[in-house]
Structures are given as C-alpha cells and as structure tokens.
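Let me begin by presenting the structure, written as structure tokens, before commenting on it.
Owing to the predicted nature of the structure, the values given are computational and were not obtained by experimental measurement.
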Amino acid sequence: MTMAIVVHGGAGTIPAEREEIVQAGCKEAAAIGWRILKDGGSALDAVEAAAQVLEDNPNYNAGTGSGLATDGSIQMDAGLMEGHTLRVGAVAAVELIKNPISLARLVLESPHVLLVAKGALQFALERGMSLCRYEDLLTERQYKNWCATQNAHLVNELRYSLCELATCPKRADKQYGIAEVVQEQLLAIYPAQEVQGEKHGTVGAVAVDTLGTLAAATSTGGIVDKHPGRVGDSPLVGCGFYADENAAISCTGHGEDFVRLLLAKRAADFVAYGATAHAAAESSIAMLSTRTSGEGGLIIVDRLGNVGFTWNTAHMPYAYMTQDMQEPITGL
Ligand code: GLY
C-alpha cells in the first residue's frame with residue numbers, strides 16, 4: 001500500500017520574516033510522522049506525533065504558542081480520528097495541557113468522543129497525564145498579540161464613551177448641529193481600531209499507512225480575540241477533522257464557517273463520490289467561499305496516498321511526503 005502524510009501550520013497571513021520558520025516546522029512534523037509510517041506505525045500514531053511536534057513548536061497557534069482568549073486564558077481544542085474504525089477523540093476549551101492532541105488520543109481510546117473544559121482536565125489527571133503551567137504555553141508573540149487586541153478594544157470603548165458624552169447634553173447644541181460636529185471631530189481624532197494580528201493558525205496532519213488506514217488530527221488555540229469558552233471547528237468531528245475509509249481531512253480557518261458547512265465531512269464525501277484529493281480540497285474551499293464567505297484551508301489524503309491541499313487566505317504553510325519522495329516538500 002502507498003503511504004503518505006500531509007501537515008499544515010494554519011491558514012492566514014504569514015509575515016515575510018516568519019515564512020521560512022513556519023515551513024521548516026511543517027517539514028519537521030511531516031518527517032517525524034513519515035518515520036513512524038515507514039517503521040510500520042499506524043496512520044493514527046503518525047498524525048498524533050506530527051500534530052504534537054507542531055504543538056510543541058512555539059511558532060504555531062496550538063499547544064505552546066496558542067493564542068489567548070479575551071480574559072487572558074489559554075483554552076485549546078484538538079481532535080483526531082481513525083478512518084477504518086471511525087474511532088474519534090476530541091477535547092475542547094482545555095487549559096494547562098501541553099499537548100491537547102495527546103489528551104484527545106486518550107479520549108479516542110476511551111468510550112467517549114468529546115470532553116470539554118474542567119471535565120477534560122479531570123479525565124487527563126485520571127489517565128495519568130500531568131498538567132503544565134500557564135507559562136509553559138504562553139509565548140511573547142501571543143502575549144503581544146493579546147495586548148494589541150486589548151488596546152484596540154480600549155480605544156474603541158473610549159471612542160464610544162466620548163461620542164456619547166458629546167451628543168447627550170443640551171438641546172440647543174443639538175438644534176444647531178454642534179453635537180454632531182464635536183462627534184465627527186472626535187471620531188476623526190480617534191479612528192476605530194481593528195483587531196490586528198494573525199487571525200487563525202491551527203495545525204493539523206493527515207496520513208495513510210501501509211495497511212491503507214487513514215487518520216486525521218487537528219489542534220488549535222482558537223481564533224484571535226475569542227470569547228472564553230468559545231469552541232471552533234477543530235475539536236468537532238466532521239467540521240475541523242474527519243477520516244473514513246476513503247479520505248482523511250484536517251481543516252484550518254475561521255471555525256464557525258467550517259462548522260456551518262461540516263466541511264471536513266463534505267470533503268470526505270467528495271472523495272467518496274469519485275473526486276481526486278486535490279479536486280475535493282478545491283471544491284470544499286470553493287464552497288466555504290461562496291456559501292459563507294469563510295476564510296481557511298484544508299489538507300487531505302486519500303486511501304491511495306494521493307494528497308490535496310488548498311486555502312483561500314494569503315498563506316497556509318504545509319508539508320507533505322509520499323512514497324516516491326526523498327524528503328518532505330513544503331510551501332505556503
Ligand atoms: N479553526 C480554528 C478555530 O476556529 O478555532
């Protein structure tokens with residue numbers, strides 16, 4: 001059987017100075033997953049290991065390096081699935097877990113499918129997984145991103161309050177349009193702040209092993225400026241990841257839109273109905289654009305080892321390795 005692995009480092013806009021480093025991280029993850037496949041390991045082991053490498057790399061928004069929620073907490077989501085058994089494991093809104101994908105793997109090995117928040121932590125402890133410190137997950141890059149979003153909110157609130165102040169008093173001022181003039185001037189002095197920064201940044205891996213078994217894994221710190229408790233597509237089976245006997249898929253992007261469309265499952269269905277891996281990826285992301293105006297990308301591998309990947313954002317770092325190659329190819 002033909003083996004293959006594809007990994008991604010998240011759809012979004014990658015600043016020029018980070019282009020090389022995020023591709024190198026994907027290459028390393030693909031190489032580690034490939035080694036497992038080559039040694040006769042399962043696709044499930046390969047995608048877990050590859051996702052773990054990306055979680056440990058502080059340059060991605062997953063595990064160490066995850067983005068912060070508005071309250072400053074670090075809440076992560078992850079999920080993985082094995083195609084031929086349809087076994088699924090996922091965790092959502094978990095804190096203090098160094099490798100959420102490995103906690104998801106423990107869930108997959110249990111009778112559960114999805115565990116969240118405190119209950120997931122309790123499960124981690126019951127299964128002998130130790131918790132890490134908040135500082136182990138926090139990176140300077142994400143802390144700065146969070147500060148920038150907090151500042152933007154502060155300026156916008158201030159702007160709103162000043163306008164209220166300017167328009168509320170004296171009927172006479174209103175009569176002569178003075179309040180509106182003051183308001184206009186204030187709005188010009190304090191332009192509305194957009195929340196900046198890399199918006200997405202999920203990681204993921206898909207693989208097919210020597211037995212033709214498929215598996216998919218996805219892990220994320222979520223979107224920038226997320227509400228505490230917000231859960232996106234990454235830990236939702238059929239949305240941010242999926243695997244069956246035909247294909248394995250991992251998604252990245254603005255999760256709510258992937259959830260609306262059950263996009264990972266749709267991509268698997270395209271393959272089941274005869275599309276190539278590449279065409280299935282293209283059709284799925286085209287649907288994301290046209291039906292929801294959503295942003296993101298996905299990677300896919302089919303049971304014959306054909307790979308596909310596409311995105312509608314500026315970039316999506318990826319790497320893949322198939323049997324006829326000497327080393328992983330990367331791009332973004
Ligand atoms: N795709 C990651 C998220 O929306 O959380």
Side-chain angles (χ1 to χ4, degrees), residues 9-18 21-22 54-55 57-78 91-98 100 116-118 121 131-168 183-203 219-235 240 252-259 294-296 313-315:
T13 301
I14 310 289
E17 68 275 12
R18 281 171 37 75
I21 205 161
V22 293
L54 294 166
E55 286 179 340
N57 187 326
N59 291 300
Y60 303 96
N61 175 16
T64 305
S66 286
L68 281 63
T70 49
D71 65 355
S73 62
I74 298 177
Q75 303 187 353
M76 300 161 290
D77 307 326
V91 292
V94 292
E95 301 184 41
L96 309 180
I97 296 289
K98 188 98 175 58
V116 306
K118 260 165 67 178
L121 290 199
L131 304 188
C132 67
R133 297 171 312 154
Y134 175 81
E135 301 79 54
D136 297 332
L137 301 168
L138 183 67
T139 58
E140 194 182 344
R141 187 171 69 90
Q142 292 292 11
Y143 175 67
K144 283 185 175 161
N145 278 345
W146 179 74
C147 289
T149 60
Q150 297 305 300
N151 282 342
H153 287 309
L154 218 62
V155 170
N156 288 338
E157 275 164 29
L158 186 67
R159 196 167 178 264
Y160 179 76
S161 306
L162 284 172
C163 286
E164 287 273 287
L165 220 64
T167 47
C168 75
Q183 192 180 41
E184 256 174 43
Q185 283 173 352
L186 279 171
L187 294 180
I189 296 168
Y190 298 105
Q193 301 290 301
E194 246 192 78
V195 171
Q196 299 288 354
E198 288 169 43
K199 289 189 185 152
H200 317 300
T202 303
V203 304
S219 180
T220 189
I223 51 172
V224 73
D225 205 33
K226 72 176 182 182
H227 195 284
R230 176 266 183 192
V231 171
D233 60 318
S234 303
T252 163
H254 193 256
E256 281 72 1
D257 296 319
F258 286 76
V259 174
E295 288 186 347
T313 49
H315 305 113

Straight-line distance of [X] [atom1] to [Y] [atom2], nearest 0.5 Å:
X: K226; Y: L68; atom1: NZ; atom2: CG; answer: 9.5 Å
X: Y60; Y: R141; atom1: OH; atom2: CZ; answer: 10.0 Å
X: T202; Y: I223; atom1: OG1; atom2: CD1; answer: 9.5 Å
X: E295; Y: D257; atom1: CD; atom2: CG; answer: 9.0 Å
X: S234; Y: F258; atom1: OG; atom2: CZ; answer: 9.0 Å
X: T70; Y: D225; atom1: OG1; atom2: CG; answer: 6.5 Å

Check: [Y] main-chain N/O paired with [X] side-chain donor or acceptor under 3.5 Å:
X: R18; Y: N59; answer: yes
X: D233; Y: H254; answer: no
X: D77; Y: A93; answer: yes

So do [Y] and [X] actually touch side chain to side chain, heavy atoms under 4.5 Å?
X: I74; Y: S66; answer: yes
X: V91; Y: I97; answer: no
X: T13; Y: T313; answer: no
X: D136; Y: T64; answer: no

**Message:** If you apply the rule side-chain contact (heavy atoms from CB on, under 4.5 Å), what do you find for H315 with V22, and how did you get there?
**Reply:** CA-CA 11 Å; H315 305 113; V22 293; over 6 Å; no

Take atom [atom1] in [X]; do more than 12 heavy atoms of anything else shown fall under 6.0 Å from it?
X: Y143; atom1: OH; result: no
X: E140; atom1: CD; result: no
X: I21; atom1: CD1; result: no

Specify the closest pair of heavy atoms between [X] and [Y], including all atoms of both residues, with the distance to one decimal.
X: S219; Y: A62; value: O-CB, 3.5 Å
X: A11; Y: T252; value: N-OG1, 2.8 Å
X: G9; Y: V203; value: CA-CG1, 4.4 Å
X: E95; Y: S73; value: OE1-CB, 4.0 Å

**Message:** Checking R133 against L138 for the side-chain contact (heavy atoms from CB on, under 4.5 Å) test, could you report, in this order, the C-alpha distance in whole Å, the side-chain angles of both residues, the deciding distance, and whether it holds?
**Reply:** CA-CA 9 Å; R133 297 171 312 154; L138 183 67; over 6 Å; no

**Derivation and outcome, side-chain contact (heavy atoms from CB on, under 4.5 Å), residues Q150 and W146** = CA-CA 6 Å; Q150 297 305 300; W146 179 74; 3.2 Å; yes

**Request:** Begin from the C-alpha positions of L137 and C132 and carry the test side-chain contact (heavy atoms from CB on, under 4.5 Å) through to its verdict.
**Result:** CA-CA 8 Å; L137 301 168; C132 67; 3.8 Å; yes

